[in-house]
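Excluded from the calculations below are hydrogen atoms, water molecules and symmetry mates; all remaining heavy atoms, backbone and side chain alike, are included. Since this is a predicted model, take the numbers as computed values, not measurements. Residue numbering restarts at 1 for every chain, and letters A, B, ... go by the order of the sequence lines.
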Amino acid sequence: MRYQAPRGTEDVLPTDSYKWLKLEAAFRDLTARYGYQELRTPTFEDTDVFLRTAGETSDVVSKEMYTFMDKGGRSITLKPEGTAPAMRALVEHNLCPPGTVTRMSYIIPIFRYDRPQKGRLREAHQFGLELVGSPSPAADAEIIELTVRFYEAIGIKDAVAKLNTLGKDECRAKFREAILTHAAGFLATQPTEYQEKVQKNPLRLLDSKDPEAQQAIREIPPITNYLEDESRSRFDKIQELLTDAGVQFELAPDIVRGLDYYTDTVFEVQSTKLGAQSSLCGGGRYDNLIKDLGGSATPSVGVGMGIERAIIVLDESDGWTGGTRPHAFVVQATESAFKSCQAVVRELRSAGLTALLDIDGKSMKSQMRQADKSGAAVALILGDDEIRRNTVQIKRLGSSEQVEIPIANVLDKVLELQ
RNA sequence: GCGGGUAUAGCUCAGGGGUUAGAGCGCCUGACUGUGGCUCAGGAGGCCGUGGGUUCAAUUCCCAUUACCCGCCCCA
């Protein structure tokens, strides 16, 4: 126990990896049905990709990035989020020419140097979706619907989308001013550090958990008072589409997101099972990001869903339905039966079944215990007597039914008793 | 980055300045011939997180460090 995994990282153990496989399969299956194709990007990017997009004042960029110089003197950053790298690839390979729409998905590790907590790791993983090229509110609604459907598909109950809009540049500027004006009294009582932070990004005030801040926030007129017509009608239309789709959502003015590239729509799905980290995923519209990366202006929407967080929620709600069980465990009743047992195992495996056997020459009692613990549906028992008779004993574990059958019928019988 | 808590067996946790540090679960072996689960008996497994200090004596007290947990910040 000398070494341990680096702080904020974790090993997924063989006994737990089925959870990952299950979520990944659900994600790939569901998104494929909506026409999303998987994009795979490098684990690291030029640091500029993130500096240009996430916003230099955002916490992610200002204090959480894993950035280093490589031996060629390049500034490299392990990706702290998925959207900017995906859009870097999209621009580089011209994946979304003007006038077209592109749907992409990805499964990636993300790295953020922050203090670890429940549901917050330095290396985490996320499922991502990007719907690129469509200015339509139907695009926003599709991403939100797909996200909620994913949580339903993996068994997370009560997945409710929290929806908000941040408007566009001009209206947001007016709204920021309004925040500063209305919260001036409260801010004056705060440490200068916090004042500066809010000065730089007044929206930050809105998701504060401080009760006094909450009080101050109540004085601020809602952003909807400042929205331009286009933003307002988008917001309304999205809600209409989600309602039509039967997707549960709530309006949540406190959702502002930590990355600066969002425009108009922002949303999260939250859970109370995540401790201080309430959000299971976060996403929104980013109409300026692609242009910032040197592409042509392309309206887009996307989402990033935390895999570890989904697993926590499912763990705490007993959301896992049985792992995989072997079909058969082959028991050698006599030492000399080993080769025959291996032949049986080989036959079952080549027919696509999971078949196990002991390779340490343990006692039959021990083998039976192993068979039981493995969760196998049946034990196949083979010794000298059976070999002489060309038979095998087949025992259904969980009951004590046992019959002797011709060895030629093993496969059929094993399948029958599953 | 800031504040607080915890660290003892594979897991969940007791304990205590002084011979061989415990429990439950798990694991291994056995209970007449080649049969699991239940029961019973036996057994393996711990530098008591790491480094330093106080002390005749530290796993126990103190300090530091590392990791995890909780809250803040923030977020997946």
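When the C1' atom is used for both B:A64 and B:U54, the distance is 15 Å, rounded to whole Å. Comparing the C1' positions of B:U6 and B:U60 gives an interatomic distance of 16 Å, to the nearest angstrom. Of the C1' atoms belonging to B:U50 and B:A14, the separation is 24 Å, rounded to the nearest Å. Taking atom C1' in both B:G49 and B:C69, the straight-line distance is 15 Å, to the nearest Å. Taking atom P in both B:G15 and B:A23, one finds a spacing of 15 Å when rounded to whole Å. For the C1' atom pair drawn from B:C48 and B:G22, the interatomic distance equals 12 Å after rounding to whole Å. When the C1' atom is compared between B:U29 and B:A44, the two are found 10 Å apart, to the nearest whole Å. Remark: the separation of the P atoms in B:G37 and B:C28 is 11 Å, to the nearest Å.
Spacing between atom OH of A:Tyr113 and atom P of B:C2 amounts to 10 Å, rounded to whole angstrom units. When the C1' atom of B:A76 is taken as reference, atom CD1 of A:Ile255 falls 13 Å away, rounded to whole Å. When rounded to the nearest whole Å, the span between CD of A:Glu10 and C1' of B:A67 equals 13 Å. One atom, CD of A:Gln4, and another, P of B:C68, lie 7 Å apart when rounded to the nearest Å. Between the C1' atom of B:U6 and the NZ atom of A:Lys118 lies a distance of 16 Å, rounded to the nearest Å. Atom CG in A:Leu13 sits about 10 Å away from atom P in B:C11, given to the nearest Å. Rounded to an integer number of Å, the gap from CG of A:Asp114 to C1' of B:C68 is 15 Å. In this structure, the OH atom of A:Tyr106 is 10 Å from the P atom of B:A76, given to the nearest Å.
A side chain to side chain contact (heavy atoms under 4.5 Å, CB included) with A:Met104 holds for exactly one of A:Thr41, A:Leu129, A:Leu95, A:Thr31; it is A:Leu95.
Across all strands shown, A:Gly375 has no heavy atoms under 4.0 Å from either base or sugar-phosphate atoms. At a threshold of 4.0 angstrom between heavy atoms, the contacts of A:Phe111 with the nucleic acid are absent. When heavy atoms are screened at a 4.0 angstrom cut-off, A:Ala124 is found touching base atoms of the nucleic acid.
Applying the ring-ring contact (aromatic ring centres under 6.0 Å, His included) definition to pairs two or more places apart or across chains, those involving residues 163-183 of chain A are A:Phe175-A:Tyr226. Applying the side-chain hydrogen bond (donor to acceptor under 3.5 Å, both in side chains) test to every pair with at least one member in residues 124-144 of chain A, sequence neighbours left out, gives these pairs: A:Tyr36-A:Glu142, A:Thr83-A:Glu130, A:Arg103-A:Glu142, A:Tyr106-A:Glu130, A:His125-A:Glu308, A:Glu130-A:Tyr286, A:Asp140-A:Arg234, A:Asp140-A:Thr265, A:Asp140-A:Arg285.
A heavy atom closer than 4.0 Å to some atom of RNA chain B occurs in A:Gly306, A:Arg309, these being the qualifying members of residues 305-316 of chain A.
Contact annotation: A:Arg204 side-chain N/O to B:C74 OP1/OP2 distance is under 4.0 Å. In terms of phosphate contacts, A:Arg115 brings no side-chain nitrogen or oxygen within less than 4.0 Å of OP1 or OP2 of B:C2.
Where A:Pro116 and A:Glu81 each meet RNA chain B at their nearest nucleotide, the meeting point lying more 5' is that of A:Pro116.
In this view, A:Phe111 satisfies the ring pair (Phe, Tyr, Trp, His ring centres under 6.0 Å) rule with no residue, not counting sequence neighbours. Here A:Asp207 pairs with A:Arg204 under the side-chain hydrogen bond (donor to acceptor under 3.5 Å, both in side chains) rule; sequence neighbours left out. The ring pair (Phe, Tyr, Trp, His ring centres under 6.0 Å) check on A:Phe27 picks up A:Phe127, A:Phe150, with sequence neighbours excluded. For A:Lys162, the side-chain hydrogen bond (donor to acceptor under 3.5 Å, both in side chains) partners at least two apart in sequence or on another chain are A:Gln270. The ring pair (Phe, Tyr, Trp, His ring centres under 6.0 Å) search around A:Phe329 returns none, not counting sequence neighbours.
Atom CZ in A:Arg52 sits 8.5 Å away from atom CG in A:Asp292 (nearest 0.5 Å). In this structure, A:Lys197 NZ and A:Gln199 CD are separated by 13.5 Å, a value rounded to the nearest 0.5 Å.
Stem regions for RNA chain B, each three or more consecutive Watson-Crick or G-U pairs with both distances under 3.5 Å and listed by first number, read B:1-7 with B:66-72, B:10-13 with B:22-25, B:27-31 with B:39-43, B:49-53 with B:61-65.
Listed for the A:Thr243 side chain is a donor-acceptor partner under 3.5 Å among the backbone atoms of A:Gln239. Panel note: side chain A:Ser366, backbone A:Lys362; no donor-acceptor pair is recorded below 3.5 Å.
Not a single donor-acceptor pair, N or O on each side, falls under 3.5 Å between the base of B:A76 and the side chain of A:Arg120.
Between A:Val378 and A:Leu397 the shortest heavy-atom distance is C-CD1, 3.9 Å.
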- For every nucleotide of nucleotides 26-39 of chain B, 5' to 3': is a protein heavy atom under 4.0 Å from its base (B), only from its sugar-phosphate (S), or from neither (-)? -SSSB---BBBB--
When you compare the protein's N or O atoms with those of nucleotides 42-44 of chain B, which come within less than 3.5 Å of each other, and at what distance?
none

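For A:Tyr66, the OH atom sits in a packed shell: over 12 heavy atoms of surrounding residues, nucleotides or ligands are nearer than 6.0 Å.
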Distance-only donor-acceptor pairs under 3.5 Å for side chains of residues 335-347 of chain A, two or more places apart:
{"residue": "A:Ser336", "atom": "OG", "partner": "A:Asp384", "partner atom": "OD1", "Å": "2.6"}
{"residue": "A:Ser336", "atom": "OG", "partner": "A:Asp384", "partner atom": "OD2", "Å": "3.1"}

- Query: Can you check salt bridge (Lys or Arg N to Asp or Glu O under 4.0 Å) on A:Glu81 and A:Arg112, steps first, answer last?
  - Reply: CA-CA 9 Å; A:Glu81 62 104 18; A:Arg112 292 183 195 173; over 6 Å; no
